2 protein chains.
Amino acid sequence: MTTKQPSTMSTMATAPKKPTIRDVARLAGVSYGTVSRYLNGNEHVSKDAAERIAAAIEQSHYTPNKAARSLARQRTQTVALIIQVESNETMVQASVSEAMVGANQVLGDAGYQMVTIIANSDESTQRITQLVNSDFADGYLLFSLSEDDSLANAFLNVRRPVVRSEISDRGDLPYPAIDFANRDGQRAITRYLLDNGRTRLAYVCGPGYSPTAGNRLDGFKDAVGDDYDERRVYYADDWEITSGEMAAVAFQPQLDRIDGIVCANDSIAIGVINQLARFGYTTPDDIAVTGFDDSPLALLVNPKLTTVRQDSQLHGRAMAETLLRMLHGTAIEPHHVELLPTSIVKRQSA
Amino acid sequence: MTTKQPSTMSTMATAPKKPTIRDVARLAGVSYGTVSRYLNGNEHVSKDAAERIAAAIEQSHYTPNKAARSLARQRTQTVALIIQVESNETMVQASVSEAMVGANQVLGDAGYQMVTIIANSDESTQRITQLVNSDFADGYLLFSLSEDDSLANAFLNVRRPVVRSEISDRGDLPYPAIDFANRDGQRAITRYLLDNGRTRLAYVCGPGYSPTAGNRLDGFKDAVGDDYDERRVYYADDWEITSGEMAAVAFQPQLDRIDGIVCANDSIAIGVINQLARFGYTTPDDIAVTGFDDSPLALLVNPKLTTVRQDSQLHGRAMAETLLRMLHGTAIEPHHVELLPTSIVKRQSA
DNA sequence: CTGTTAGCGCCTTCAG
DNA sequence: CTGAAGGCGCTAACAG
């Protein structure tokens, strides 16, 4: 079967509109109910009819209309992955794009088409709220919603399964979340520093709107225990490199009494290292620095980052799997939380 | 109006199914045809009726069903951005995610919902082919299709507007393309090297399946003219850092007679610089190196990359705009090509 | 096993 | 200005 059949092409030229199930039925000499059965894998179709239908479909280039099918069947076989990006400037994080690929894989294998939607303005949030309430998809994967996010409100009354990518303190969002064990991870890498004789540690915390930032800070607190000193914590406004540089500046007066800086993520760590270098401190000799995420950047910088690794593809897969379970009717406790493991990857910066 | 109204909530509890246009009509005391008119901004609705309908909608939390509307109206108000990723390992390129944001903006402003779909396996390609032929969206934005891509075949018989992100030699794809002036850009930065006294130039070319790779190489050829020497060209298998390293290795025997290496993109350039350093050559003193894309990485490495900048958000916006034009009925020449300008950004590596 | 038929929720003439 | 009715393309329940 070649893709292009001249005869077929000319046929199509004379009949420029898409064939419907009735056209196929007519071609095959059966009623269109039978064609529908064939299409949906119903047993009760004679071998003979099946063959004629198959031929008719082939010949007419028939493909079922998605809207009609969704309407009749009351489900779309589509899952939407909604990702919130802070602004037009920020782009999609590497971890998010990896998770997308993971989720896309398992959803696709299960016969669902995943589509991703970007929310980055009030207007888009508005539009998405409409969409979600219009039975656009059978289920939703929510990425990086901040605590007080207006986008989250869009899902308050949704009658479809939803899975979140971050744990949250927000009590009115009755959806399971799958997240990394951020607290454990940060605790572990902090202990690693401690075990290596770094005793005067500082911390650069992620932005306040992010639950993840808080969880990672908690892990740091766990590890340092009574040595925790609020004066050696810098609260960044975002997750970017610049924030790391600002943190180092803020710490400057006490840098001589600091021998390690634990950062909320890799980008911040890179910023810290850069700024420390400008101040004349070398990493890790003078001050050890750790990141979090093990993003592609971790390998690019000098020194290479010692950081907490998380498997983002797995994150996407795990989220998709529990969504599928819900789609299949399995009841999941509304505030169910699954924490994915992280691991320390030791490189040069600490 | 608070989002959660206890009374409404309990009402919903007793009537667990979504309200339809008929429910709204009943509540407002009009026929549902009138509600439909109201919904679609038809003039012929009395002020009185409009108000009652608005109240009924508010009260019932009504949102039109997407599938039904699409079916009746024969359009979805949706545009799909399809992006092909080489494998599960490769993630979404920064430039692509930026273009996504740009296109999303323009499309959203025009009342379309953009959804992005990932193609990364035969199975997903298969599924997408079905989708595209099922009137899933009103138009398509195609990202990074390789020349002989099977995915491209999915669009051979589509009856909807399509815009491509790369120019191509493939003649059977009658869709306009919007691309960067890759050839011009590479020619310009090569000339820049030449003008700065670099006379023995080598080139690292992108993967063969990519038209872009060829266009950039052509730009290099333009600039060096008769000095072009096939022995100083390395053909990479992909766009990644590792390929740059391999290129440097391949060039090693003649490195002493080379004073500049023009690379197909930033990642490759970074790989080249790294490997050169290992061989004991410094950049740019011994050998100047240039990139292409001005990706976020360009600023992170040492020395910072001198490269060709392209505005990826603009790319997305431009593609969306011509798609909109086609959606609005403007005829666009099938093989129309628009080339977006690039600029040289001088930093440290050359 | 197969034809018939009643919707799915909404849009859009067509009368009135 | 508004109600009634046919249809968008397909599914599913019901006779036969």
Side-chain angles (χ1 to χ4, degrees), chain A residues 15 17-54 56-57 60-78 111 130-131 133-138 159, chain B residues 15 17-54 56-57 60-78 111 130-131 133-138 159:
Chain A
K17 45 190 343 231
K18 273 197 62 174
T20 74
I21 198 174
R22 294 172 210 260
D23 296 321
V24 174
R26 199 175 313 124
L27 256 168
V30 296
S31 79
Y32 68 87
T34 303
V35 177
S36 174
R37 271 187 289 270
Y38 171 84
L39 253 23
N40 296 292
N42 188 310
E43 320 283 283
H44 307 289
V45 178
S46 68
K47 192 150 183 271
D48 178 53
E51 277 167 6
R52 300 217 310 284
I53 293 173
I57 289 178
S60 61
H61 274 48
Y62 170 75
T63 309
N65 176 288
K66 186 119 193 307
R69 181 173 266 194
S70 298
L71 179 57
R73 180 181 285 192
Q74 295 293 65
R75 57 200 168 78
T76 62
Q77 289 295 103
T78 296
Q130 286 287 103
L131 211 65
N133 288 305
S134 74
D135 281 356
F136 170 78
D138 294 344
R159 306 151 170 16
Chain B
K17 44 192 342 234
K18 274 196 61 176
T20 76
I21 199 173
R22 294 172 211 259
D23 296 322
V24 174
R26 199 174 311 125
L27 257 168
V30 297
S31 78
Y32 69 86
T34 304
V35 177
S36 174
R37 273 185 287 268
Y38 171 83
L39 253 23
N40 296 293
N42 189 310
E43 320 282 285
H44 307 289
V45 178
S46 68
K47 193 150 182 270
D48 179 52
E51 279 167 5
R52 300 217 309 283
I53 293 173
I57 289 178
S60 61
H61 275 51
Y62 169 75
T63 309
N65 175 288
K66 188 120 192 307
R69 180 173 267 194
S70 298
L71 178 58
R73 177 180 286 190
Q74 296 291 67
R75 56 199 169 78
T76 62
Q77 289 296 104
T78 296
Q130 287 286 103
L131 212 65
N133 288 305
S134 73
D135 281 355
F136 170 77
D138 295 343
R159 308 159 193 306

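In what follows, every chain begins at residue 1, and chains take the letters A, B, ... in the order their sequences are listed. Because the structure is a prediction, the values reported are computed rather than measured.
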Peer 1: Determine whether a donor-acceptor pair (N or O, by modelled atom type, separation under 3.5 Å) exists between the side chain of B:K66 and the backbone of B:T76.
Peer 2: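 Side chain of B:K66 to backbone of B:T76, a donor-acceptor pair under 3.5 Å: yes, one is there.
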Peer 1: Apply side chain to side chain contact (heavy atoms under 4.5 Å, CB included) to residues B:T20 and B:N65 and explain how you reach the verdict.
Peer 2: CA-CA 8 Å; B:T20 76; B:N65 175 288; over 6 Å; no
Peer 1: Reading DNA chain D from 5' onward, which residue's closest nucleotide shows up sooner: B:K47 or B:L71?
Peer 2: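 Comparing both residues, the 5'-ward one is B:K47.
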Peer 1: Answer yes or no: is there a side-chain heavy-atom contact under 4.5 Å between A:L39 and A:V24?
Peer 2: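 Heavy-atom side-chain distance check fails, nothing below 4.5 Å.
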Peer 1: Let me spell it out: for each of B:I21 and A:T34, pick the nucleotide of DNA chain C with the closest heavy atom. Which residue's pick is nearer the 5' end?
Peer 2: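 Residue closer to the 5' terminus by nearest nucleotide: A:T34.
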Peer 1: Return yes if some donor-acceptor pair links the side-chain N/O of A:Q130 with the main-chain N/O of B:T63 below 3.5 Å, else return no.
Peer 2: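 Flag not set: sc A:Q130 to bb B:T63 has no pair under 3.5 Å.
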Peer 1: Assess whether one donor atom and one acceptor atom, taken from the side chain of A:R73 and the base of D:dG9, lie less than 3.5 Å apart.
Peer 2: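 Donor-acceptor pair under 3.5 Å: no.
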Peer 1: Would you indicate, yes or no, if C:dG3 has its OP1 or OP2 atom less than 4.0 angstrom from a side-chain nitrogen or oxygen of A:S31?
Peer 2: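 So the side chain of A:S31 is within the cut-off, an N or O lying under 4.0 Å from OP1 or OP2 of C:dG3.
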Peer 1: For a quick test of reading the model: is some side-chain N or O of B:S46 closer than 4.0 Å to OP1 or OP2 of D:dT2?
Peer 2: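 So the side chain of B:S46 is within the cut-off, an N or O lying under 4.0 Å from OP1 or OP2 of D:dT2.
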Peer 1: For DNA chain D, whose closest nucleotide is more 5', that of A:T63 or that of B:G33?
Peer 2: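 With A:T63 and B:G33 compared, the 5'-side residue is B:G33.
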Peer 1: Find the distance between CD1 (A:I21) and CD1 (A:I57) and round it off to the nearest 0.5 Å.
Peer 2: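 Spacing of CD1 (A:I21) from CD1 (A:I57) equals 8.5 Å.
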Peer 1: Whole-Å distance between C:dC1 P and A:I53 CD1?
Peer 2: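 That distance rounds to 13 Å.
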Peer 1: Grab the two heavy atoms, one from A:V45 and one from A:Y38, that are nearest each other, plus how far apart they are.
Peer 2: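 Heavy atoms of A:V45 and A:Y38 come nearest at CG2-N, 3.9 Å.
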Peer 1: Distance check: side-chain N/O of B:S36 vs OP1/OP2 of C:dC10, anything under 4.0 Å?
Peer 2: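 Checking B:S36 against C:dC10: no side-chain N or O falls below 4.0 Å of OP1 or OP2.
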Peer 1: OP1 or OP2 of C:dC11 less than 4.0 angstrom from a side-chain nitrogen or oxygen of B:Q74, does that happen here?
Peer 2: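 Indeed not, no polar side-chain atom of B:Q74 lies that close.
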Peer 1: Once you round it to whole Å, what is the distance between P of D:dG9 and CG of B:N65?
Peer 2: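 B:N65 atom CG is separated from D:dG9 atom P by 17 Å.
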Peer 1: Whole angstroms only, please: what is the CG-C1' distance between A:D23 and D:dG9?
Peer 2: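 Those two atoms, CG and C1', are 11 Å apart.
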Peer 1: When the distance from NZ of A:K66 to C1' of C:dG9 is rounded to whole Å, what number comes out?
Peer 2: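 Those two atoms, NZ and C1', are 16 Å apart.
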Peer 1: For A:R69 and D:dC10, give me the distance from atom CZ to atom P, rounded to whole Å.
Peer 2: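 Interatomic distance, CZ of A:R69 to P of D:dC10: 8 Å.
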Peer 1: Between A:N40 and D:dT11, does any side-chain N or O lie under 4.0 Å from OP1 or OP2?
Peer 2: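 Checking D:dT11 against A:N40, a side-chain N or O does come within under 4.0 Å of OP1 or OP2.
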Peer 1: If you only use heavy atoms from C-beta on, which nucleotide in C:dT5, D:dC8, D:dG9 is closest to the side chain of A:Y32?
Peer 2: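 Nucleotide nearest to A:Y32's side chain: C:dT5.
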Peer 1: I need the CZ-C1' distance between A:R37 and C:dC1, as an integer number of Å.
Peer 2: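 Answer to the nearest Å: 8 Å.
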Peer 1: Nearest-Å distance, CZ (A:R75) to P (D:dC10)?
Peer 2: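 My rounded result for the distance is 16 Å.
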Peer 1: How is B:A67 classified with respect to the nucleic acid when contacts are heavy atoms under 4.0 Å: base, sugar-phosphate, or nothing?
Peer 2: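 If one applies the 4.0 Å heavy-atom cut-off, B:A67 turns out to touch nothing in the nucleic acid.
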Peer 1: Quickly work out the A:R26 CZ to D:dG9 C1' distance and round it to whole Å.
Peer 2: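 Nearest whole value for this atom pair: 13 Å.
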Peer 1: Any base atoms under 4.0 Å from A:V35, or only sugar-phosphate, or nothing? Heavy atoms, all strands.
Peer 2: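 Since no nucleic acid heavy atom lies under 4.0 Å of A:V35, the category is nothing.
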Peer 1: Using only side-chain N and O atoms of A:Y62, determine if any of them is under 4.0 Å from OP1 or OP2 of D:dC10.
Peer 2: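 Yes, because at least one side-chain N or O of A:Y62 sits under 4.0 Å from OP1 or OP2 of D:dC10.
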